[in-house]
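A quick write-up on the structure given underneath.
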Amino acid sequence: MESTAAILPSHLLQVALSRPIPTLFDYDASAFPDAEPGQRVRVPFGRSELWGIAWSWREAGEVDAARIKPLLDIDRASPPLPASWRALVEFVAHYYQQPIGEVAAMAAPPAISATRAERANRRFRATPAGSAALDTLPARDVRRKLITALIEAGDLNEAELRALSSRAAVALERLLADGLIEPALPQAPAEAAHVLSADQAAALAALQSTAGYAASLLHGVTGSGKTEVYLRLIEDQIAAGRQCLLLVPEIALTPQLQARVAARFPRACLHVMHSEMSDGARAMAWAAAQSGEADILLGTRLAVFAPLPRLGCIVLDEEHDPSFRQTEGVRYSARDVAIWRARNEDVPIVLGSATPSLETLRHAIDGRYRWLRLTTRAGSARLPEVHLVDTRVFRATDGLSQPMLRAIESRLGRGEQTLLFINRRGYAPVLSCPACGWAAGCTQCTANLVLHAADRRLRCHHCGAEGPVPHACPKCGNQDIQGYGRGTQRLEETLASRFPTARLLRIDRDNVRGREHWQEQLDLIRRGEVDLVVGTQLLAKGHDFPGITLVGVIGADASLHAADFRAQERLFAQLMQVGGRAGRADTAGEVLIQTAQPEHPLFAALKAHDFDGFARSQLAERAALGLPPHGFQLMLSADAPELQAALDFLEAARRAALALAVDGVQIYDVVPMRMVRRANRERAQLVVESRSRPALRTLLLPWVANLYRLRVARGLRWHIDVDPVEVWNTLAAAAVLGSHPRSAPVEHP
Ligand code: ADP
Ligand code: ZN
Ligand code: ZN
């Protein structure tokens with residue numbers, strides 16, 4: 001090594017850059033005496049320049065001074081990210097074996113300075129002049145939106161208003177100047193807390209009994225009072241001057257909980273963080289969290305990374321929800337990251353669910369998590385009665401059987417609401433020709449195009465491709481092509497013709513645009529202004545509709561036969577959750593499920609509200625097969641323009657894994673994915689499984705290091721997924737390929 005003395009190691013800054021390479025990059029920071037880890041820094045990279053995050057000072061060691069380039073700039077507008085944040089990112093990078101720079105880029109706040117953050121808590125209300133001016137403002141004017149929201153809520157803070165629109169900041173200043181809104185003082189007496197039930201009191205006492213890290217599962221059906229327990233816990237923390245992190249799976253769930261938290265703690269500083277907010281609003285929430293100003297941070301999975309210097313507890317609601325798992329880009333589970341964070345920062349964490357994931361349940365059974373149960377529904381509400389309609393006996397026409405129609409009719413007669421749950425949006429999942437068997441497929445994916453009737457379009461739900469509906473079969477010219485199967489739109493159409501006077505509302509991703517619209521629709525249901533609601537799982541989660549007394553479930557059978565070994569677990573959770581919509585208030589609810597397999601054990605458990613029984617049988621099955629949570633998995637996937645390239649890469653990866661010869665690890669065959677082509681890329685996967693996590697880790701670390709050295713065909717991308725959630729089991733994979741079932745595990749000497 002010549003000339004290493006040119007740069008002192010103490011001036012060598014390691015920087016995380018958003019590149020698919022699992023390393024930090026060295027830069028010479030000697031020109032910046034104030035450089036420090038955690039800052040956003042600008043560096044030369046190849047022929048371009050990049051922003052990255054300064055990570056750490058390089059320890060002594062040999063470096064090739066000639067190759068070290070100087071730092072170009074430092075962003076001094078925002079405070080450096082703290083060491084605890086960097087530790088969290090390092091954990092994710094290491095545990096999930098994702099490139100550290102990519103994890104850091106994902107977990108960092110938007111690159112916008114948030115100097116206005118301290119003002120986010122200013123509260124406003126509409127003035128009489130503002131209310132009067134409302135109708136004179138154009139319908140699409142942001143000001144109109146803001147005043148309407150203020151009138152509805154009474155008052156809102158700046159962060160909440162900004163979350164409504166990316167142009168809210170400017171509009172606010174105008175409204176203030178025009179006297180249409182005015183500052184409001186924090187008001188409203190706190191929402192009265194309930195007298196806790198015995199279960200709630202016991203759970204709370206258990207949660208309060210420990211200081212420092214402890215993980216607890218708060219297990220109770222919808223309406224059993226879990227949120228009430230969270231609120232009590234948060235109350236303690238706020239009183240003690242600490243911050244609370246409250247995580248929910250879906251953006252759609254934030255407004256309701258936000259309102260409830262804000263009503264209970266009117267003087268606390270509450271911030272919301274999710275991916276649909278503008279960068280500016282997110283940067284402000286982030287700054288409030290990091291500065292310690294925020295008392296409560298309510299957010300979706302990305303909020304798990306927000307620094308909270310006074311963190312006192314973490315609450316993660318609906319812990320079983322797949323939305324906590326990011327399956328694109330950096331693959332991680334916000335639930336598992338939250339657990340690690342709680343341990344690292346030595347604070348308690350509560351996981352809430354009516355249907356805990358089997359992973360969490362197993363920890364509860366083993367005593368690693370405390371298992372706190374709420375066994376009754378709060379107040380007077382009763383559990384809904386679950387009934388099955390055997391569609392082999394009562395044939396469904398247009399998707400609806402006679403018993404289902406009669407049940408709806410009787411609710412209509414009594415002025416009660418019905419929710420029809422069908423987990424498929426669009427009109428019909430396939431458009432095909434009865435004469436020649438042609439079906440409209442996506443040219444970019446191995447998938448059928450879904451017929452959307454309202455605007456007469458065919459859409460791919462996987463890549464977003466769309467096109468017009470042909471007038472005749474492109475293969476044989478038959479004019480009588482038809483949509484087969486049923487989606488939300490078709491069900492809506494059927495209901496409209498069956499019940500012409502009923503007020504209908506469809507809620508799915510096609511029909512819900514943005515947070516406000518969603519809120520409006522929920523309010524319509526709550527105010528009793530609709531009779532029949534057709535909805536997907538979007539509607540199933542965490543909403544309270546006291547007027548719904550009947551929940552009809554259509555098309556659930558598909559999940560009974562799905563290839564993913566978690567499909568039944570998910571179906572059970574979903575059905576419990578939609579069932580939770582019925583009979584929450586004092587009217588008893590009914591859940592009516594159409595199925596051709598009423599004898600299936602899943603339904604028996606559901607009828608008996610027997611989550612434990614269902615979970616026990618699933619756990620026994622998983623134990624027998626060595627599947628999670630009784631086993632651990634890795635999935636290596638590859639996609640490329642040509643399938644062969646993906647298969648070749650994975651074969652080489654498989655050989656590399658075999659060469660590591662780790663005991664107790666099963667390495668399955670390389671198989672094309674069930675949906676081989678997606679967005680014009682051909683995909684294949686390789687699953688590695690073990691009953692021992694240490695054994696799997698022994699393989700994982702050197703294996704991934706080897707993967708970076710493998711030759712990669714042009715245009716090929718690969719991803720490692722640790723603890724993957726969407727694994728169609730290897731048994732089904734083999735069956736689809738027509739080869740032997742569950743290829744024999746590889747034995748090692
Ligand atoms: P979950 O979060 O388990 O769905 P919630 O905490 O939202 O349950 O409670 C369901 C409903 O019961 C809410 O309207 C809540 O205000 C009410 N509630 C909660 N705890 C009590 C209690 N101890 N007594 C009376 N009502 C309660
Ligand atoms: Zn045809
Ligand atoms: Zn497609």
Side-chain angles (χ1 to χ4, degrees), residues 190-204 217-234 246 248 253 256-257 259-261 263-264 315-319 350-356 372-383 426 429-450 457-467 470-482 526 540-546 576-577 579-581 583-586 675-683:
E191 173 203 313
H194 298 285
V195 176
L196 294 185
S197 67
D199 279 350
Q200 285 173 316
L204 184 65
L217 164 63
L218 187 59
H219 184 184
V221 296
T222 309
S224 60
K226 296 186 294 296
T227 309
E228 189 59 37
V229 175
Y230 306 150
L231 293 175
R232 294 297 182 102
L233 199 61
I234 292 171
L246 187 49
V248 292
L253 293 182
Q256 207 175 354
L257 191 55
R260 201 160 156 194
V261 174
R264 180 65 70 84
V315 172
L316 193 135
D317 197 23
E318 310 286 5
E319 70 84 27
V350 183
L351 309 177
S353 180
T355 49
L372 310 172
R373 310 199 67 156
L374 304 180
T375 50
T376 48
R377 289 187 120 182
S380 56
R382 288 187 289 138
L383 287 170
V430 48
L431 177 74
S432 77
C433 169
C436 76
W438 168 85
C442 176
T443 54
Q444 310 195 61
C445 305
T446 329
N448 287 323
L449 293 170
V450 176
R457 302 288 282 176
L458 289 170
R459 288 205 178 87
C460 176
H461 286 187
H462 301 283
C463 72
E466 62 170 277
H471 294 293
C473 171
K475 208 166 137 199
C476 73
N478 175 13
Q479 304 225 328
D480 191 24
I481 50 179
Q482 291 165 16
R526 247 176 250 131
K541 296 179 183 178
H543 298 285
D544 197 352
F545 304 115
M576 278 279 277
Q577 212 157 23
R581 303 303 118 228
R584 244 184 111 126
D586 14 84
M675 200 177 107
V676 177
R677 194 162 27 139
R678 181 168 157 177
N680 262 341
R681 299 186 61 87
E682 306 277 342
R683 314 179 308 155

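All ligand and atom numbering here is 1-based and tracks the order in the structure.
To the nearest 10 degrees, the Zn ion (ligand 2) sees SG of C476 and SG of C433 at an angle of 110°. Rounding to 10°, one obtains 100° for the angle at the Zn ion (ligand 2) between SG (C473) and SG (C436).
Close approach of ligand 1 to V221 (heavy-atom distance below 4.0 Å) involves ligand atoms 3 (O). Under a 4.0 Å criterion applied to the non-hydrogen atoms of K226, ligand 1 contributes the atoms 1 (P), 2 (O), 3 (O), 6 (O), 8 (O). Atoms of ligand 1 found under 4.0 Å from any heavy atom of S197, numbered from 1 in the order shown, are 23 (N). For ligand 1, the atoms sitting less than 4.0 Å from at least one non-hydrogen atom of V195 are 22 (C), 23 (N), 24 (N), numbered in the order shown with element in parentheses. Set against the non-hydrogen atoms of G225, the atoms of ligand 1 under 4.0 Å away are 1 (P), 3 (O), 5 (P), 6 (O), 8 (O), 9 (O). Ligand-side atoms of ligand 1 in range of T222: 4 (O), range being under 4.0 angstrom from any heavy atom.
With contacts defined as side-chain heavy-atom distances shorter than 4.5 Å, the pair N680/C463 does not qualify. Looking only at side-chain heavy atoms (C-beta outward), R260 and L231 come within less than 4.5 Å of each other. Side-chain contact between Q200 and L374 is present, with at least one heavy-atom pair separated by less than 4.5 Å. Two residues are said to be in side-chain contact when any heavy atoms from C-beta on lie closer than 4.5 Å; M576 and V221 meet this criterion. Between H219 and E319, the closest side-chain pair of non-hydrogen atoms is not below 4.5 Å. Counting heavy atoms from C-beta outward, L431 and P470 have side chains that approach closer than 4.5 Å. Taking the side chain as every heavy atom from C-beta outward, C476 and W438 never approach each other to under 4.5 Å.
When non-hydrogen atoms are compared, ligand 1 lies under 4.0 Å from the backbone of T227 as well as from its side chain.
Nearest heavy-atom pair across T222 and A354 is N-CB, 4.0 Å.
Counting only distance, with no hydrogens or angles, the side chain of K226 and the backbone of L218 share no donor-acceptor pair below 3.5 Å.
Scanning Q200, R260, Q256 for the heavy atom closest to atom 13 (C) of ligand 1 points to R260. The residue from H194, R232, E318 that puts a heavy atom closest to atom 17 (C) of ligand 1 is H194.
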Exercise for the section: Given salt bridge (Lys or Arg N to Asp or Glu O under 4.0 Å), test E228 with R264 step by step and report yes or no. Expected result: CA-CA 10 Å; E228 189 59 37; R264 180 65 70 84; 2.9 Å; yes

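From H462, atom NE2 reaches atom CG of L449 across 9.5 Å, with rounding to the nearest 0.5 Å.
The number of protein N, O or S atoms lying under 2.8 Å from the Zn ion (ligand 3) is 4.
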